[in-house]
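The basis for the numbers below is simple: all heavy atoms, side chains too, and nothing from hydrogens, waters or symmetry mates. Position 1 is the first residue of the sequence, and the numbers go up from there.
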Amino acid sequence: MSIAAERDQSVIELTTRSVIAGVLFGVIFGAANAYLGLKVGLTVSTSIPIAVLTVALFKLMPGRRDGVILEANISQTIGSASSSLATGTIFTIPALFLWGMAPPFWQVAILALLGGFLGIAAMVPLRRLLIVKSADELPYPEGTACAEVLRATTTGTSGGKWIFIGLAAGAAIKLAIGAFVLIPSGLAMHLPVLAKAELALEIAPALLAVGYILGYKQSAIMVSGSLISAIVLTPLIATFGAGLPRPMFPEMKLTIAAMTAAQIWSRYVRYIGAGAVAAAGIVAVIKALPTMASSFAAVMRGLRRGGMARNDGESTPRTDRDVPSWIVVVVPLAVVVTLVAVPGLLAGNMAFGPRLVAALGVAIFGVCFVVVSSRIVGLIGVSSNPTSAMTLVTLLGASVVFVLCGWTDPSARAAILTVGTVVCIAASKAGDISQDLKTGYLVGATPEKQQFGQFLGAACACWAIAGTVLLLGQAFTFGSPELPAPQATLMKTVIEGVLSGSLPWALVGTGSALSICAIIAGLPGLSFAVGIYLPLGTLAPVFVGGIVRRMVDAKRNGKPADSDPGVLAASGMIAGEGLVGVLIAFLVAASGKFPGLASTLASMHFASKDFTHLTGAAAIVAGIIVVIVICALLHRAGRSDDRGQVQQQRR
């Protein structure tokens, strides 16, 4: 039975150290998630790593040790706020850079803030219905797992050390490869017989770690789609286009015979992948429509029956108290008014009429998808929440309205994209706070303080996320091999296709057909389609990480614990590589303003794109050794929990 019925009013929960720890870890993991999302197009849940790190930090501090679980819960609630903001930002904002419309810092930060606040405020009235009354129907898997981790770590269970080990390993390897360019950042091999077919693998601890977290099945499906792109579609285009005397649309300069494998992927295969992802996203939404409709109807019925949070007042039990009702009303209205009233927030010098329509689109799509997201994650979890599909539907709907109104200029494209930004963040944030409130319900936390913590986390994280994205965009190029920004590129393609109709529809249709065939065969459409869309070098290490996870799971004595040390080590690797990636971007950007720093970095070939200290066979051997070391570390971390259980049984 949940201990949420506890009514003690004197618990220590929202403390200075819990707020500082939550903000600090939120900034760290938010920046790392932004970097990861720009590389591979997905983010990972950070609640459990932040919870473990918080407990480990608090145990090092002098003073009280009892009641740490509620403080740690507040810390992970504040800290996890950054991940949902990162998701919406990296899914959309880089497209503005690709259009040559780089947004200012304040615009990105405020859009993230508004999306976060909208998601939190719109979810508050649903808490009692979804978290309390539907506790048996909606398990909220990540929230339940985080509660178990909090209980285990606060009672003395070890495992937190693996986060620090993973963080150190990810940071060290990223420094060696990305900053000091000791070896190339990837391995590649040309295949015989097949024209311009290449196998590739990027040497990146974060990608190997993502594969370990996703597991073998999902990583295998994703790499299968990527293999189709690399060793089926690219050779087919190269073979049948070799005799063409002129460039083939959409390429306007080079003939296919003169193009490299990477150029063929960029100019042809990428559009096939975009069609695959778009079709899979639309199918996912269509399949989810009954669930979405029933979820929305269930929420509305519950609210009509009095399922909202109880009235404010001291008579309300601590564990059933929400933020004041006026916040629930004022915040969404303030979001809409701000979007309409602040010039340049949505896009450039857009007139009042288009701004009003766009803001109303945010309100309609935002509230609807907040309701849907809050309930869906209770069944399938945050990691499987179809946020990208919801964003895609939002962009398609907004694009159609703008076309009907005759608004197709560049500012209209930017406005449609920023509508998707706010809605994507709101839906993602609603799923995130739902899981956090489930954790709090299970450990006896105060919902009001968690909700306040989420507002605080969003208010702090939005600036860090905006700064990270803009810094990476300034230091590198979105759409480049360093930062492909796949989701943003897809959103850009969708908007352009609806507004101008200039897409190579034959290639897009081919991708759609491939995606539909995979769905008919029973494969997860989005996972397979993302594989077609992303280059093999990005997904090959994800698959290798999945293989390691399968090896670990095959040798487990029983079901893995929720605080799987292997997952904790993988989370640390993602954070370590992401933070060093942001540090490298900061130094590269700073070198443009400080000539002395620029000459120093140039003398050591810092982050050079066309130089490595090791070349040839030595570089290949060193790269393989690095991959093996990372895999060995993940394998040992995953098996450490079993070794500990065996030792305890022997005792």
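Enclosure of atom CZ in F452 is not indicated, since only 12 or fewer non-hydrogen atoms of other residues, nucleotides or ligands lie within 6.0 angstrom.
Test Q450, R128, Q451 against D322 for side-chain hydrogen bond (donor to acceptor under 3.5 Å, both in side chains) and you get one pass: Q451.
For residues 108-123, no residue pair satisfies the side-chain hydrogen bond (donor to acceptor under 3.5 Å, both in side chains) rule, not counting sequence neighbours.
Donor-acceptor pairing under 3.5 Å is recorded for the side chains of N73 and Q76. With no hydrogens or angles considered, no side-chain donor-acceptor pair links T391 and T394 at under 3.5 Å.
Checked by atom type and distance alone, the side chain of S527 never pairs as donor or acceptor with a backbone atom of P524 at under 3.5 Å. At least one donor-acceptor pair closer than 3.5 Å links the side chain of R549 to the backbone N or O of Y212.
Residue L539 comes nearest to G531 through the heavy atom pair CD1-CA, 3.4 Å, listed as atom of the first residue, atom of the second, then distance. Listed here is the closest heavy atom pair of I69 and V443: CD1-CG1, 3.9 Å. Shown here for F29 and A575, the closest heavy-atom pair between the two residues is CE2-CB, 3.8 Å.
A salt bridge does not link D553 with R639: every distance from a Lys NZ or Arg NE/NH1/NH2 to an Asp or Glu carboxylate oxygen is 4.0 Å or more.
For Y441 and Y140, the ring centers are positioned 6.0 Å apart or more.
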Applying side chain to side chain donor-acceptor pair (under 3.5 Å) to S84 and S428, what does each step give before you reach the verdict?
CA-CA 5 Å; S84 50; S428 182; 4.6 Å; no
